[in-house]
Amino acid sequence: MHGLIFRTVETFISDSFGHDTWSKALVMGDVPVTSFEAMLTYDAALLDRVLSGCATILNRPREHVLEDIGTYLVTHQTHAAIRRLMRFGGQDFVELLHSLDELPGRTRLAVPGLLLPGIAVTEHRPHHFSIRCDGGPLGFGHVLVGLLRAMADDYGTLAMVDHIGAKDGSEILQVTVIDAEFADDRGFSLAPQNAATAS
Amino acid sequence: MISTADLLQRLRPLHVCVGKTGHISGHGRSLTKLGVEDLRGKRFLEEFEVLRPSAIGSMADLADCQERVIRLRLRRVPDIVLRGLVINDQADGIILDLSFGIAVVDAVRAFDLTAQDFSPSDLAVELLFLQEAKSTAMAASFNLNARLDDARLAAETRALTDGLTGLHNRRAVDGVMHRLEQSQTVYSVLHLDLDLFKDVNDTFGHAAGDTVLKHVAAILRRNTRKDDLLVRIGGDEFLIICPGLVDRTRLATLSETVIRDISAPFEFDGHRIAISASIGIGLSLDVPHLGPERVSDNADIALYAAKRSGRGQHVFWTKELGLTLADMPLSQARRS
C-alpha cells in the first residue's frame, strides 16, 4: 500500500495531537514502524493496526478518526496542495461532486501507484446525491465524508454529507446541497500563489 | 441557428479574425486578459509578431499559411509564445485559432487566467492540475531522497570512523590508498605503535587504556596538517598519511615531536601513566610505481626495525631493511 496513505495518518495524528500520541498509537496498534515515508510502499495489513492504535489512543471510534483525517487533508496548511488539487475538480461544490468519479483517475495521474476505491456519483434529484465507493481500502468513505464537508465549507456551500453504511465492500455516502452561496467562497486561482509544497 | 461569430466566441475564447486588409475584425474574450485592450480595427501584424514560419510580412504571407500551425506572440507580451492554426475564412481573410500549448502554465501565472478563460473541452486545466500534482509528488520524493542521502552519508561516515578516537578506521584506509594510487602526488606513510600500552590496560584497566588512546589521537591531531589522514588501524596502532610531505628532516621532526608528546607522562584517576611510541616511515619516492600498499608495508617494516632498536624511536625504511619482515638483516633484528 502506498506510503502516502500511512504518512497522511501519521501527519494528522502528529500535527493534531503531538508526536507523543503518534508514538503511543503505534505501540497500541503493535505497529513495527516508527515513522512512515510518503514515497515508499508498506504492507497493506499495517493500515488496520495503525488505525486501531489511533482509535484506541484517541478514545474515539475509528470512523470519526477517518472523517477527521479527511477534513485535516483539506484544511491543514501542511496539505495546502491537496485543497488546490481538489479545487481543480470543479468551479463550485456541485461540479466538484460530479467530478468525483474522476478522483481515482486524477489521483493515479498525480501519484502512480496510489490506488483509491472506484467512486460512482448519482444525482437522484437536484441537490441530492449518493456516492458509492467500491473496493478498498475500506473506510475510505469516512475519509471522503470529512473531505467533502471541508470542501463544501471551502466553496462557501451549505451541504449535509453522511456515511449511510457499507455493504459487500461498498460504502455509500449521501450528500444534500442546501445552499450553494451560504458563505464566502475561499477562492481559487489556477496559478498557485506560491510554490506548492508537500510534507 | 447560432451565428458563426457567436459560435466562435463560445467555443474558442482565444481566436482572432483578420480581414483581407490585415485588420483584426474580431477576437475571443480571453485575449483581452493578456494585458491588451480591444484589438478590433488594429493591424494584425502590428499587434502580433509571427515567429515561425519566418518572414511573414504581409496579409498575403499569412493567408498562404492556411491550414498550418504558426508560432506567434503578442508584441506587448513577448514572453508567451502562442500556437495558432490558420484557417481561410472564405472571404479573403483568416481565422486564427490560438492556444498556449505548453506555455499555459506561465500564461495562467502571468495573467491570472481562470477555468472560464479556456474552452471546457480544452485540456488546459487538466494540464495545470497535472503540473501541480507532479510538482507536489516530486517535492515529496525529493524530500525523501534528501533524507535518505543524509542518512547514507551519516552511516558512511560512521562506518569509516573509529568510534573511540574519532579518527578514521581501518575500513577508511582502502579508500585513502586508492586515492593515493590515482593521484600523482608524493606522500609518506607513518606507522605508529604505542610502547607499553598493554601494561596500561593490564595495570589500570580498559578505561585508562581508552583515555590513553584519546590522548594520543589529540596529540596526532595537534601535530599534523589538515590534509594529513589519521587512522587508528586497530588496538594501539595508528597510521598517519601525509600527502605531499616527503622531506626527511620535516618527517623526522614530526616523528620526534609526536613521540616526545606521547612520552610525556600524564595523570589518570590519580595514577601517573607513562607510555611511549615507535614510528616506522615509508616514502612513496623510495618505491616509485609500486603503489601505496608497498609504501605502507615499508612503513610497517620500518616500524618493526624501530621497535627492535629500542622504544621511542622513529626509523625510515631503506633498502637494507628488505621488502618483508623475514628479509630484515639479523644484525638489525638482534639489536633489540
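Residue numbering restarts at 1 for every chain, and letters A, B, ... go by the order of the sequence lines.
- Contact annotation for A:R87: neither backbone nor side-chain heavy atoms come within less than 4.5 Å of a heavy atom of chain B.
- Using a 4.5 Å cut-off between heavy atoms, B:L130 touches chain A through its side chain atoms alone.
- When the shell of 6.0 Å around CZ of B:R52 is examined, it contains 12 or fewer heavy atoms from other residues, nucleotides or ligands.
- Few gaps surround CZ on A:F188; more than 12 heavy atoms of other groups in view lie less than 6.0 Å from it.
- Within a 6.0 Å radius of NE2 in B:H178, no more than 12 heavy atoms belonging to other residues, nucleotides or ligands are found.
- Partner of A:M39 under the side-chain contact (heavy atoms from CB on, under 4.5 Å) criterion, chosen from B:N143, B:L144, B:L148, B:N145: B:L144.
- Nearest heavy-atom pair, B:A137 versus A:A110, reported as atom, atom and distance to 0.1 Å: CB-O, 3.8 Å.
- Minimum interatomic distance between A:S189 and B:D112 (heavy atoms only, all atoms of both residues): CB-OD1, 3.7 Å.
- Within a 6.0 Å radius of NZ in B:K20, no more than 12 heavy atoms belonging to other residues, nucleotides or ligands are found.
- When each of A:L190, A:T107, A:L109, A:V111 is checked for heavy-atom pairs under 4.5 Å with chain B, A:L190 comes out on top.
- Shown here for B:V108 and A:A191, the closest heavy-atom pair between the two residues is CG1-N, 3.4 Å.
- Residue contact with chain A, scored on non-hydrogen atoms closer than 4.5 Å, involves the backbone of B:T114 exclusively.
- With a 6.0 Å radius and a threshold of 12 heavy atoms from other residues, nucleotides or ligands, B:R221 has its CZ atom above the threshold.
- The neighbour count for A:H127 NE2, taken as heavy atoms of other residues, nucleotides or ligands under 6.0 Å away, does not exceed 12.
- Atom CZ of B:R40 has 12 or fewer neighbouring heavy atoms from other residues, nucleotides or ligands inside a 6.0 Å radius.
- For chain A, the nearby part of B:E126 is the side chain; its heavy atoms alone come within less than 4.5 Å.
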